[in-house]
Every structure is written in C-alpha cells, then in structure tokens.
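Numbering starts at 1 and runs along the sequence shown.
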Amino acid sequence: MKIERPRGTRDFLPDEMERRREIERKMRKIAESFGYREVMTPTFEHLELFTRKSGEGIVEEMYVFKDKSGRDLALRPELTAPVMRMFVNECSVMPRPLRFYYFANCFRYERPQKGRYREFWQFGVELIGSKSYLADAEVIILADKILKEVGVKFSLEIGHVGIMRHLLKPVGEEKASKIMRLIDKEDREGLERYLEEIRVEGDLREKIFSLVELKGDESVIDEAKEIVDYDFSYLERLSSLLRDVGVDFILNLGIARGLDYYTGVVFECYAEGLGAQKQVCGGGSYELSSLFGGPVTPSTGFAIGFDRVCEVCRIEEKKRDVVAVISFKGLESHAFRVASKLRDAGITAVVDVMERNLKKQMSFANEIGAKYAVIIAPEEVKEGKVAIKNLETQEQVVIAEGEMLKLLKFGE
C-alpha cells in the first residue's frame with residue numbers, strides 16, 4: 001500500500017526545484033543589494049512567542065505540541081516574531097538600523113486550497129530600529145523591486161492602521177483589535193454584527209465604514225481628513241517619495257492587517273492569476289521588541305508568499321549543461337576520473353552507474369538532455385585521448401584528454 005504525502009503539503013520534482021531555486025537566487029541577490037543580510041531561526045519556538053500578542057485563539061491555526069519535558073512548542077507560523085525574539089536576545093549591541101532577510105518554511109493548520117498550503121515558504125525582510133517614513137519607503141521599494149524582477153504582475157496597495165486605531169479609541173483596545181481583524185478578513189457582515197453587539201452606532205459606525213472604503217490616489221487622504229482628526233503628514237511624505245522614485249501604488253485605508261503588532265504603515269501586493277488567494281506580499285511597520293523583553297524598537301518589514309509567487313512569476317530556470325561520461329566495460333574507474341576533472345572545471349558530469357552497454361548509455365544521455373558525451377574507449381585510453389560527441393549536431397571528434405575542456409563549450 002502506497003503512503004500518500006500529508007494533506008496540505010507538496011512534493012517538488014527536479015525541474016520545479018530548479019525553477020524555485022532560480023527565483024530564490026534572484027530574491028536573495030536583490031535583498032543583499034539593499035544591504036540586507038540573511039538570518040535563520042529554529043523551525044519550532046515556544047508557543048508563547050506567538051500567543052503573547054495574538055492571543056490563545058491563534059493556537060487553532062497552528063501546529064502545537066508538547067516536548068518530552070512538557071513544554072508547549074509550536075512550528076513557526078511566520079518569521080517576524082522569531083526574528084524579533086532573536087533581535088532581543090542576540091542583537092542588542094549591533095548598530096542600528098539592522099537589515100535582516102530570511103527564507104524559510106512555515107506551518108499553519110489551514111484548509112488547503114490553491115495557493116494555500118499547510119507547509120509553505122516565506123521570503124521576507126525586517127528593517128529594525130528606525131521610526132522614519134524612509135524605513136517604510138525602503139522596505140516597500142525593495143518588495144516592489146523583488147516582485148517586478150521575478151516577473152510577477154501585481155498591484156501594490158498601501159494603508160495606515162494608525163488611522164483606524166485612532167478612530168476606534170472610544171471602543172477600547174480589545175474591541176478595536178477584533179474590529180481590525182474583521183476588516184482584514186473583509187467580513188462586512190461579521191463586522192456589522194459585531195458593531196451591533198458592542199453597540200457602536202450612529203456617527204462612529206458610519207465613519208468606520210467610510211474609512212474602510214477609501215481607496216485611490218492621494219486624494220483619499222483629503223477625504224480621510226474629513227472623517228478622522230489625525231496627523232496624515234507621515235503618509236503624505238511616504239506617498240510623495242514613492243511617487244518620486246517610480247513606485248506605482250494605490251492608497252487603501254481599508255487595509256487592516258490581522259495581527260495586532262502593526263502600528264503604522266501597512267501594505268499588500270496582489271498578483272494576477274491566483275484567484276481568491278491573490279495576496280503574494282504583506283507587511284508594514286510594527287513594534288514587537290518590548291513584548292519580548294527588549295526596549296521599544298520601531299521596525300518595518302514584509303513577507304512574500306514564495307509558493308504563490310512561483311505559481312505566477314514569469315521567470316525560467318537556467319538550463320543546466322550536462323556532459324555524459326560513457327565508458328566501455330572495464331574502463332569505469334577511468335570514466336570516474338574524467339568526470340572528476342570535468343566537475344573540478346565547473347561542468348556537470350554524469351557517469352553510468354547501471355552497468356549498461358554503450359548503446360543504452362548513449363540513449364540515457366539523450367534522455368537527460370546532455371549536450372555532450374565524452375566516450376571512454378580502449379584504443380583512445382591507450383593513446384591518452386577521449387572521443388567527444390556533440391549530441392545536438394551529432395559531430396564527433398577524438399582529441400587528447402588534456403584538450404577536452406577547450407572543446408566543451410556551453411552557453412554559446
């Protein structure tokens with residue numbers, strides 16, 4: 001009986017892995033060009049790391065377990081909290097701002113569907129230590145550049161959770177957080193029911209729905225000023241800078257982000273071709289350090305849903321150039337030695353390990369798309385030579401083994 005893979009997970013075959021690695025390579029290169037350096041945190045953390053701010057309700061969406069000492073642990077559902085835990089414990093004396101990036105797998109117990117898996121990969125950054133709008137600008141510019149460079153067609157929407165939180169001050173922090181989560185889920189019916197339940201009526205109710213629906217260019221800021229008494233200068237400066245550097249975006253004051261730790265600017269990127277699960281990137285400014293025992297430290301970051309990006313990006317993996325080293329029976333050690341010489345020169349070399357005859361080795365070389373076959377035959381070995389066959393043109397030459405690397409040309 002076959003054993004199936006767990007529901008909500010995926011297998012990746014070589015062609016797909018090579019494409020994913022090429023996308024990953026591009027993302028890393030761009031992040032590093034902005035001065036970000038890679039960090040890594042454990043796959044599992046203390047459960048409290050995730051419940052301290054988000055509450056016990058989040059446990060239902062996570063993989064949690066007790067270890068042999070009875071401690072409550074969880075597979076990480078995201079990377080921001082672990083990175084900030086690391087910052088508090090390990091990075092207190094490092095110069096600010098800190099620029100970190102990560103690429104890692106995360107786990108959530110969700111209903112599997114297209115673009116949503118129980119094990120998924122995130123690529124993200126955290127810029128730690130700046131409260132300036134320039135930090136938000138840099139992170140948004142970086143996210144925009146990464147998605148463009150890997151060929152994703154997307155729209156970028158920017159909001160500010162501080163505006164809605166300011167409006168919701170009269171209802172208290174706990175109720176405001178639930179309202180924000182309902183807004184984030186775009187659950188209008190649920191929001192209406194909850195507002196009725198907590199007796200939010202009249203003017204405030206109208207203002208909540210009016211603010212949620214504000215979406216467009218910078219003119220929505222003027223409309224928002226009519227709804228809520230708030231200092232919009234931060235958002236205005238950020239918008240102006242992004243326009244100046246050519247970032248295309250929409251202001252959407254209905255973006256709430258479901259996590260309580262967001263404090264100011266938030267943004268989301270929606271890709272074409274993904275249907276309902278179209279969000280490929282989300283982020284914003286937040287404060288988590290003080291919650292984990294560190295000083296109050298403003299931060300901003302984003303996470304890209306790597307699996308979703310791979311579904312829609314327009315980038316192809318670089319084709320690997322392969323040489324098949326084919327040998328007559330009894331010359332296997334010579335074949336391994338020649339293959340080692342090719343690999344030392346940076347060439348992918350494949351040796352037959354099935355003890356097949358020459359014809360079947362040649363057939364396999366064609367099946368795997370090898371460009372050349374280096375043939376090890378008794379007469380050539382005596383003379384210190386090899387035969388090289390171009391499998392695309394079918395041309396074959398016999399040359400000295402020392403001249404082999406000069407003849408093998410790729411990428412032309």
Side-chain angles (χ1 to χ4, degrees), residues 1-29 103 105 117 119 121 150-151 306-307 310-311 313-412:
M1 180 179 175
K2 289 194 300 183
I3 299 176
E4 301 289 340
R5 59 179 167 78
R7 190 164 181 255
T9 61
R10 297 182 67 189
D11 296 316
F12 299 102
L13 297 177
D15 284 350
E16 190 169 4
M17 277 306 303
E18 286 164 10
R19 182 170 177 272
R20 287 170 68 91
R21 290 301 185 211
E22 179 64 15
I23 297 166
E24 176 193 341
R25 185 191 66 79
K26 278 187 173 289
M27 288 182 170
R28 289 176 180 275
K29 185 176 179 181
F103 178 71
N105 55 341
Y117 305 99
E119 180 183 18
W121 291 78
V150 299
F306 186 76
D307 302 279
C310 291
E311 293 272 350
C313 76
R314 293 164 176 79
I315 187 173
E316 294 300 325
E317 73 279 8
K318 290 182 178 178
K319 190 69 176 175
R320 280 197 314 163
D321 293 311
V322 178
V323 171
V325 181
I326 293 171
S327 64
F328 281 71
K329 191 170 182 60
L331 297 177
E332 292 82 5
S333 60
H334 198 84
F336 272 86
R337 186 179 60 76
V338 168
S340 293
K341 186 179 291 188
L342 293 171
R343 292 165 189 150
D344 289 345
I347 297 170
T348 299
V350 175
V351 179
D352 178 59
V353 294
M354 302 285 285
E355 300 190 60
R356 290 178 281 210
N357 62 34
L358 199 67
K359 183 179 179 181
K360 288 183 177 178
Q361 288 183 59
M362 290 295 293
S363 177
F364 181 73
N366 284 304
E367 287 173 359
I368 64 172
K371 185 173 181 181
Y372 294 99
V374 175
I375 303 167
I376 313 296
E379 290 301 317
E380 282 78 6
V381 169
K382 288 178 185 177
E383 298 173 7
K385 296 180 178 180
V386 293
I388 297 180
K389 185 172 184 176
N390 186 318
L391 298 178
E392 294 174 354
T393 65
Q394 298 302 304
E395 295 176 357
Q396 182 170 318
V397 296
V398 176
I399 61 170
E401 187 180 314
E403 300 294 309
M404 173 179 60
L405 296 176
K406 294 180 182 177
L407 188 63
L408 298 174
K409 296 177 182 178
F410 297 100
E412 296 184 355

Undergrad: Arg20 and Asp307: side chain to side chain contact (heavy atoms under 4.5 Å, CB included), yes or no, with the steps?
TA: CA-CA 9 Å; Arg20 287 170 68 91; Asp307 302 279; 3.2 Å; yes

Undergrad: In plain terms, say whether Glu401 and Arg337 are close enough for a salt bridge, that is, a side-chain N and a carboxylate O under 4.0 Å apart.
TA: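 So Glu401 pairs with Arg337 through a salt bridge.
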
Undergrad: Could you list the donor-acceptor pairs under 3.5 angstrom formed between side-chain atoms of residues 343-350 and any protein atom two or more places apart in sequence or on another chain?
TA:
| from | atom 1 | to | atom 2 | distance (Å) |
| --- | --- | --- | --- | --- |
| Arg343 | NE | Ala349 | O | 3.2 |
| Arg343 | NH2 | Ala349 | O | 2.9 |

Undergrad: What distance separates Leu331 CG from Ile326 CD1, expressed to the nearest 0.5 Å?
TA: 13.0 Å

Undergrad: Check step by step if side chain to side chain contact (heavy atoms under 4.5 Å, CB included) holds for Arg28 and Phe103.
TA: CA-CA 9 Å; Arg28 289 176 180 275; Phe103 178 71; 3.9 Å; yes

Undergrad: For the atom pair CD (Gln396) and CG (Leu391), what is the distance rounded to the nearest 0.5 Å?
TA: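 Spacing of CD (Gln396) from CG (Leu391) equals 9.5 Å.
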
Undergrad: Apply the side-chain contact (heavy atoms from CB on, under 4.5 Å) test between Val386 and each candidate in Val325, Val374, Leu407, Val398; give the one that qualifies.
TA: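 Considering Val325, Val374, Leu407, Val398, a side-chain contact (heavy atoms from CB on, under 4.5 Å) with Val386 is found only for Val374.
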
Undergrad: When you measure from the side chain of Gln361 to the backbone of Ser327, do you find a donor-acceptor pair of N or O atoms at a distance under 3.5 Å?
TA: yes

Undergrad: Do the side chain of Ser363 and the main chain of Lys359 share a donor and acceptor less than 3.5 angstrom apart?
TA: no

Undergrad: Which heavy atom of Ala373 sits nearest to which heavy atom of Met362, and what is that distance?
TA: CB-SD, 4.1 Å

Undergrad: About how many Å separate CD of Glu380 and CD1 of Ile399, when rounded to the nearest 0.5 Å?
TA: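 One finds 11.5 Å between CD1 of Ile399 and CD of Glu380.
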
Undergrad: Output, in order, the C-alpha distance, side-chain angles, deciding distance and verdict of side chain to side chain contact (heavy atoms under 4.5 Å, CB included) for Leu342 and Met404.
TA: CA-CA 9 Å; Leu342 293 171; Met404 173 179 60; 3.9 Å; yes

Undergrad: Considering all heavy atoms of both residues, which atom of Val150 and which atom of Cys313 are nearest to each other, and what is their separation?
TA: O-CB, 3.1 Å

Undergrad: Roughly how far, to the nearest 0.5 Å, is OH of Tyr372 from CD of Glu395?
TA: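 Nearest 0.5 Å value for the CD-OH distance: 9.5 Å.
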
Undergrad: Could you give the distance from CD (Glu24) to CH2 (Trp121), rounded to the nearest 0.5 Å?
TA: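 Reported value, rounded in 0.5 Å steps: 8.0 Å.
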
Undergrad: Of all residues at least two apart in sequence or in a different chain, which pass the salt bridge (Lys or Arg N to Asp or Glu O under 4.0 Å) check with Lys329?
TA: none

Undergrad: Can you tell me how far apart CZ (Arg5) and CZ (Arg10) are? Round to the nearest 0.5 Å.
TA: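 Answer rounded to 0.5 Å: 8.0 Å.
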
Undergrad: So with a 6.0 Å cut-off around CD of Glu383, is the heavy-atom count from everything else above 12?
TA: yes

Undergrad: Between Asp11 and Glu16, which heavy-atom pair has the shortest distance, and what is it?
TA: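 Nearest pair, atom of Asp11 first, then Glu16: O-OE1, 4.5 Å.
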
Undergrad: Can a salt bridge be assigned to the pair Glu22 and Arg19 using a cut-off of 4.0 Å between side-chain N and carboxylate O?
TA: no

Undergrad: For residues Gly8 and Tyr117, report the shortest heavy-atom separation together with the two atoms involved.
TA: O-CB, 3.3 Å

